[in-house]
Amino acid sequence: MLDLPRPLRWADRAASMPYIKGGGEAQLESLRNLLLDVRRDGGDPAVVRAVERSRPRGFVERGGRGRWRVTEAGESWLETTDNAFLIGVVHSEIRFLGELLEQLSAGELTHTQLMDIARTEYDLSWGSPDQVRRRTTWLRAGGFVELRFDNYLLITGDGRDLLGRLENRPPNSLSVEPEQARTVPEIPAGAPEITAFVGSLDEEALRCRRRLIGYLPGGSSGPETMRRLVAAAAPSVSRDRWVALCGERFAISETSALQSLASFRGVGLVKRTGPDSDAVTPLARAWLDSGTDLDIIRILHGHIRFFGEILAFLDTTGSSAELASKALEFDIPPPDLQRRIGLLLATGLIEEAGVRRYRLTPLGQAMVRELPLEPDGGPVSPPAAAAPAAGDQRAMQAPSPDAVETELRVAARAATDFTRLERAIASAFSVLGFQVEHLGGQGRTDVRAVAPLPGADRFVVIADAKASAKGQVAPFDVVTLREHKEQHGADFVVAIGESFTDRKNIERARSEGVGLLSVEVLCTAVRLAREGVIGVADLRSLLSGTGLIDGTALQQSAGARRRTFKIVKLVLATLAAEAVGDDEVTKGSLAPSDIYMELRNQDGAPSLQEIEMVLGLLASPLIATVAGVSGKYVLTEHVNIASARMAFLGALVAGAAVTELS
């Protein structure tokens with residue numbers, strides 16, 4: 001691997017990208033031919049004119065009056081055809097090439113959005129996207145960037161590898177001069193009650209804060225709207241009066257008004273005092289008296305998770321895509337994150353710094369130093385399998401299903417860490433009982449999972465992770481996945497991401513025998529498997545799907561099995577009631593038909609055959625809770641004993657699982 005050249009100072013790098021005839025591979029071929037012509041005769045008038053027309057900086061240099069020659073870097077590229085080195089050379093001479101790649105690492109952008117970023121964040125006074133297009137043409141030709149069908153650009157795996165080798169200039173919003181960093185203003189002190197409240201927030205209190213703000217009337221008007229409503233409600237307000245206030249001031253429905261009342265309770269501004277009344281809280285009264293919007297921020301931070309923490313997060317990155325990914329670690333959906341951002345913008349703690357970027361204001365820098373923050377931001381760490389149990393190197397304890405579900409949802413949007421979703425998928429298949437192998441890497445499938453069953457029940461599935469900062473997975477090459485299926489001897493192949501919406505890609509996947517599995521359906525499978533209401537046949541049916549995979553059949557299978565489990569409970573309850581009744585005639589014993597007569601009028605009443613099946617289970621030596629005598633059955637143990645035996649049996653069976661490939 002060739003070392004990339006160190007970039008020139010930003011001021012010494014050119015703002016204009018050289019124009020090389022052609023596009024894609026043709027453009028690379030044109031550059032190659034030009035350098036070969038220079039190598040052959042750099043003084044030929046036609047060659048001189050071609051060089052001066054394109055000026056491929058870094059690849060050619062003056063060789064005397066009216067003559068050009070190939071640079072050492074140009075010779076290296078001619079010999080190796082290393083496209084990463086090619087981009088490294090251009091980046092060292094031209095502004096906003098590696099920087100453009102870095103912007104795409106945070107999420108997909110259009111050429112126009114990239115132009116706006118170049119103007120606002122890198123001081124490039126471009127009036128059209130032409131210069132951006134010249135740069136993306138080079139990056140696309142080298143395989144580092146792809147142009148999607150909807151005109152959004154996205155970085156490839158090779159692009160991320162290259163990005164790690166480039167030295168980039170930080171955007172203006174992250175380039176704080178030392179004198180600016182020291183100029184942090186003093187902020188007004190909070191009202192005494194509010195200051196005491198914030199000071200009382202310990203680690204436990206911060207972690208127990210409410211997850212969602214909820215609906216706030218008035219859109220983005222922020223604190224002013226909240227102040228007007230709280231002032232109108234003081235000192236107390238009935239539910240009908242609140243609804244009337246919201247209708248008069250914001251023309252919203254009764255349902256929306258009641259939703260906003262629940263939100264105001266949740267953020268600590270009003271408190272229920274009766275079935276139909278609320279009162280303004282002492283904290284809210286202190287805010288009204290202080291007259292500073294910073295006090296409402298303090299109150300909100302004390303009641304809402306990932307509120308003041310946004311300020312700390314924006315102190316290190318301005319990307320809204322990274323911010324959204326961080327919010328998902330707290331299970332905060334994008335709409336509620338936008339409510340937080342709107343309030344912070346309205347109070348002047350943050351400001352927009354370009355397309356999909358925010359930065360702290362000096363006021364925000366001062367505020368974040370004042371607020372107690374949740375340790376480590378409360379991130380969800382990618383789950384990992386536990387160590388093998390003593391005495392059995394094959395038995396692996398799968399990660400917590402709850403942790404797996406949360407991590408799947410977060411990782412599906414962690415586009416800047418493309419292996420995170422791969423690891424989450426591997427953990428999910430482990431919970432589902434598969435032997436799992438996490439592969440990944442260029443030209444390989446991400447996850448290979450084997451159902452560890454004998455004979456015809458055994459099957460192999462491979463999975464490809466498709467993380468996207470926006471949630472919607474961009475079109476991709478399904479043929480490659482079909483080839484991976486053949487390469488790994490798999491029965492089924494699925495791509496897994498948050499959502500698949502492109503119709504053409506869905507149809508191509510169906511025709512190639514590739515399944516598109518949403519993270520939500522996979523989470524449903526994990527949850528149902530934990531309950532024990534789906535089995536290997538259900539998973540085979542799910543994973544064998546092609547095109548967009550629907551989880552409806554999974555829910556139907558789970559519903560049928562839940563009904564069977566419910567019948568066990570009903571039969572036990574009926575026998576227990578008969579035993580307690582101490583009837584002289586029945587002596588606590590009932591025939592299957594007697595139980596049927598007892599249960600036939602209930603919703604989802606069991607059939608006689610289902611009752612007989614359940615009685616056979618309960619009378620088996622393993623459970624031994626029911627005994628059969630002359631065609632009748634009697635309870636021989638307390639139902640709690642039956643429950644304990646089944647739970648103990650389940651724990652023992654779980655210890656026999658093999659969930660990881662050697």
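Position 1 is the first residue of the sequence; numbering continues from there. Remember, predicted model here, so these are calculated numbers, not experimental data.
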Report yes or no: do Ser238 and Asp240 form a side-chain donor-acceptor pair below 3.5 Å? no
Where Leu635 and Ala576 come nearest, the two heavy atoms and their spacing: CD2-CA, 3.7 Å
Arg209 (side chain) donor-acceptor with Ile304 (main chain) under 3.5 angstrom: yes
Run the numbers on Ser256 and Cys246 for side-chain contact (heavy atoms from CB on, under 4.5 Å), then give the verdict. CA-CA 9 Å; Ser256 296; Cys246 290; over 6 Å; no
Full working for side-chain contact (heavy atoms from CB on, under 4.5 Å) between Arg272 and Ser277: CA-CA 6 Å; Arg272 188 193 291 271; Ser277 61; over 6 Å; no
Counting N and O atoms only, with roles assigned by atom type, does the side chain of Asn505 sit under 3.5 Å from a partner on the main chain of Asp502, one being a donor and the other an acceptor? no
Of all heavy-atom pairs linking Glu108 and Ser468, the shortest is OE2-OG, 3.5 Å
Could you tell me the separation between the CG atom of Leu206 and the CG atom of Leu201, rounded to the nearest 0.5 Å? 5.0 Å
Val431 and Arg530: CA distance, side-chain angles, deciding distance, side-chain contact (heavy atoms from CB on, under 4.5 Å) verdict: CA-CA 8 Å; Val431 168; Arg530 175 185 56 186; 5.7 Å; no
Are any side-chain N or O atoms of Thr445 and backbone N or O atoms of Ile462, one a donor and one an acceptor, separated by less than 3.5 Å? no
Is the backbone N or O of Asn640 less than 3.5 Å from a side-chain atom of His638, with the two atoms forming a donor-acceptor pair by type? yes
Can you tell if the side chain of Val447 reaches within under 4.5 Å of the side chain of Glu437, non-hydrogen atoms only? no
Ring centroid separation Phe459 to Phe434 under 6.0 Å: yes
Between Tyr215 and Ile252, is any pair of side-chain heavy atoms under 4.5 Å apart? yes
Below 4.5 Å, heavy atoms only, C-beta onward: do Arg409 and Glu520 meet side chain to side chain? yes
Walk me through it: do Ser557 and Arg561 pass the test side chain to side chain donor-acceptor pair (under 3.5 Å)? CA-CA 6 Å; Ser557 296; Arg561 196 160 278 115; 6.0 Å; no
Testing the 3.5 Å rule here: is there a donor-acceptor pair between the side chains of Ser427 and Ser430? no
Kindly determine whether Asp550 and Val521 satisfy side-chain contact (heavy atoms from CB on, under 4.5 Å), including the steps that lead there. CA-CA 8 Å; Asp550 185 5; Val521 173; over 6 Å; no
Within the structure provided, determine whether Pro217 and Ser260 are in side-chain contact (heavy-atom separation under 4.5 Å). yes
Over 12 non-hydrogen atoms of neighbours within 6.0 angstrom of CD in Glu254: no
Find out whether Val571 and Tyr633 are in side-chain contact, i.e. whether some heavy atom of one side chain is under 4.5 Å from a heavy atom of the other. no
Going from CG on Asp278 to CG on Leu269, what distance comes out if it is rounded to the nearest 0.5 angstrom? 11.5 Å
Is there a salt bridge (charged side-chain N to carboxylate O under 4.0 Å, His left out) between Arg645 and Glu637? Walk through the geometry before answering. CA-CA 11 Å; Arg645 285 176 181 171; Glu637 293 283 4; 3.3 Å; yes
Are the side chains of Val494 and Asp464 in touch, meaning some heavy atoms are under 4.5 Å apart? no
Nearest 0.5 angstrom please: Ile425 CD1 to Ile496 CD1, how far? 4.0 Å
If every non-hydrogen atom of Ile567 is compared with every non-hydrogen atom of Glu610, which pair is closest and at what distance? CD1-OE1, 3.6 Å
For atom CD of Gln259, is the number of surrounding heavy atoms from other residues, nucleotides or ligands below 6.0 Å larger than 12? yes
In terms of heavy-atom contacts, Arg305 and Ile332 come closest through O-CD1, 4.0 Å
Please check this pair: side chain of His301 against backbone of Gly308, looking for a donor-acceptor N/O pair closer than 3.5 Å. yes
Does the distance from a Lys or Arg side-chain N to an Asp or Glu carboxylate O, for Glu531 and Arg562, drop under 4.0 Å? yes
Should Glu407 and Arg423 be marked as a salt bridge (charged side-chain N to carboxylate O under 4.0 Å, His left out) after you check the CA-CA gap, both sets of side-chain angles, and the distance that decides it? CA-CA 9 Å; Glu407 177 62 12; Arg423 297 193 300 270; 5.5 Å; no
Are any side-chain N or O atoms of Trp242 and backbone N or O atoms of Leu258, one a donor and one an acceptor, separated by less than 3.5 Å? no
Between Phe476 and Lys466, is there a cation-pi geometry (under 6.0 Å to ring centre, at most 45° from the normal)? yes
Donor-acceptor under 3.5 Å (Arg340 side chain, Asp336 main chain): yes
Mark yes or no: Lys271 above the aromatic ring of Phe264, with NZ or CZ under 6.0 Å from the six-membered ring centre and no more than 45 degrees from the axis. no
Closest approach of Glu374 to Glu309 (non-hydrogen atoms, all atoms of both residues): N-OE2, 2.9 Å
Listed partners of Asp477 passing side-chain hydrogen bond (donor to acceptor under 3.5 Å, both in side chains), at least two apart: Thr480
Working to the nearest 0.5 Å, report the span between CG of Leu575 and NZ of Lys632. 12.0 Å
Could you grab the distance from atom CG of Leu439 to atom CD of Glu422, nearest 0.5 Å is fine? 9.0 Å
Is any side-chain heavy atom of Val614 closer than 4.5 Å to one of Lys569? no
Any carboxylate oxygen within less than 4.0 angstrom of a Lys/Arg side-chain nitrogen, looking at Arg207 and Glu203? yes
Let me confirm one number: the CG-CZ distance from Leu216 to Arg339, rounded to the nearest 0.5 Å. 6.5 Å
Salt bridge (charged side-chain N to carboxylate O under 4.0 Å, His left out) assessment of Arg503 paired with Glu507: CA-CA 6 Å; Arg503 293 185 179 276; Glu507 287 302 318; over 6 Å; no
What residues form a ring-ring contact (aromatic ring centres under 6.0 Å, His included) with Phe307, not counting sequence neighbours? none
Can you confirm whether Val460 sits close enough to Arg448 that some side-chain heavy atom of one is under 4.5 Å from a side-chain heavy atom of the other? yes
Presence of salt bridge, Glu486 and Arg482, under 4.0 angstrom: yes
Work out which heavy atom in Leu543 is nearest to a heavy atom in Phe492; give both atom names and the distance. O-CB, 3.3 Å
What residue among Leu528, Leu522, Val526 forms side chain to side chain contact (heavy atoms under 4.5 Å, CB included) with Thr524? Leu528
